[in-house]
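Quick caveat: nothing in here was measured; it's all calculated off a predicted structure. The chain is numbered in sequence order, starting from 1.
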Amino acid sequence: MNPLQRLARNPTAYRLLMPAGGPLIEGAEALLRFLSVGRVGVLDAAGLPGVRITASGRKTGLARTATVLCTPVDDGLVVIGSNWGRRRHPAWSANLKSAQQVSVRRRGRVCTARVRLLTGDERERAWVAALERWPNYRIAEDRSGGREFRVFLLTPAA
């Protein structure tokens with residue numbers, strides 16, 4: 001485990017990073033992506049499982065890209081709209097909610113994936129799987145003021 005991954009997974013460090021962390025990490029993500037011509041981001045540097053999702057903006061129709069933490073599951077990838085525990089959903093999750101398909105870039109490979117917002121038992125199973133991989137979601141959930149995070153399943157399109 002590299003030092004950045006150890007730091008990111010540490011619950012105490014995560015709690016301290018959360019208030020200013022979102023803008024700080026998002027800025028570092030943009031800078032790393034710019035300097036590496038899109039090849040490396042913060043999650044890559046920290047050794048955490050992440051994907052770059054490109055979806056059409058729900059209002060503008062323009063391509064919008066976000067880097068998000070992911071949890072591999074049997075039939076695809078689970079992504080969670082935690083938004084650093086803020087009280088509002090992340091913009092990318094609203095775009096996914098209105099999209100049927102997105103472009104997913106993971107480990108240098110690009111594919112098209114179907115998007116499904118999970119609900120009920122299916123959401124609960126995916127949430128448990130995500131918590132096993134990233135327990136800090138629980139900290140973000142506590143900080144969010146009771147907002148239920150959007151949980152999406154991305155499955156490869158045929």
message = In this structure, would Leu117 and Val51 fall into the same cluster of hydrophobic residues linked by side-chain contacts under 4.5 Å?
response = yes
message = Tell me if a side-chain donor or acceptor on Arg147 pairs with a main-chain N or O of Arg86 at a distance below 3.5 Å.
response = yes
note = Applying side chain to side chain donor-acceptor pair (under 3.5 Å) to Arg138 and not counting sequence neighbours gives Glu141
task = Would you mind listing every side-chain hydrogen bond (donor to acceptor under 3.5 Å, both in side chains) that reaches into residues 148-158, with sequence neighbours excluded?
result = Ser93-Arg150
ask   = For Arg105, which residues count as a side chain to side chain donor-acceptor pair (under 3.5 Å) partner, sequence neighbours excluded?
value = none
query = Shared ILVMFWY cluster between Leu48 and Val79, side chains joined below 4.5 angstrom?
reply = no
request  = Mind jotting down which residue pairs meet the side-chain hydrogen bond (donor to acceptor under 3.5 Å, both in side chains) criterion with at least one end in residues 125-137? Sequence neighbours excluded, please.
outcome  = none
query = Any side-chain heavy-atom pair from Ile80 and Leu69 closer than 4.5 angstrom?
reply = no
query = Can you list every pair that meets salt bridge (Lys or Arg N to Asp or Glu O under 4.0 Å) and has a residue in residues 67-79, with sequence neighbours left out?
reply = none
inquiry  = Can you give me the closest heavy-atom contact between Pro90 and Gly81, atom names plus distance?
reply    = CD-O, 3.6 Å
ask   = Less than 4.5 Å apart, any side-chain heavy atom of Leu77 and any of Leu153?
value = no
For Ala126, all residues meeting side-chain contact (heavy atoms from CB on, under 4.5 Å), sequence neighbours excluded = Val78, Leu118, Val151
ask   = Of all heavy-atom pairs between Thr71 and Ala129, which one has the smallest distance, and what is that distance?
value = CG2-O, 3.8 Å
key: With sequence neighbours excluded, residues passing salt bridge (Lys or Arg N to Asp or Glu O under 4.0 Å) with Arg39   = none
inquiry  = Please check this pair: side chain of Asp142 against backbone of Ile139, looking for a donor-acceptor N/O pair closer than 3.5 Å.
reply    = no
query = Which pairs count as side-chain hydrogen bond (donor to acceptor under 3.5 Å, both in side chains) when at least one residue sits in residues 106-116, sequence neighbours excluded?
reply = Arg116-Glu122
message = Taking Trp92 as the starting point, is it possible to reach Trp84 by hopping between hydrophobic residues whose side chains are less than 4.5 Å apart?
response = no
ask   = Going through the distances and angles, do Arg88 and Asn83 end up as a side-chain contact (heavy atoms from CB on, under 4.5 Å)?
value = CA-CA 7 Å; Arg88 59 182 164 67; Asn83 203 20; 3.4 Å; yes
Solution key, residues 60-68 side-chain donor-acceptor pairs under 3.5 Å, sequence neighbours excluded:
unit_1 : atom_1 : unit_2 : atom_2 : d
Thr60  : OG1    : Leu62  : N      : 3.1
Thr60  : OG1    : Arg64  : NH2    : 3.4
Thr65  : OG1    : Thr54  : OG1    : 2.8
Thr67  : OG1    : Glu29  : OE2    : 2.8
Thr67  : OG1    : Arg52  : NH1    : 3.0

ask   = What's in the same ILVMFWY side-chain cluster as Val110, cut-off under 4.5 Å, chained through other members?
value = none
Sequence neighbours left out, cut at 3.5 Å: what donor-acceptor pairs do the side chains of residues 94-104 make with other protein atoms?
unit_1 : atom_1 : unit_2 : atom_2 : d
Asn95  : OD1    : Arg58  : N      : 3.0
Asn95  : OD1    : Arg58  : NH1    : 3.2
Ser98  : OG     : Asn95  : O      : 3.2

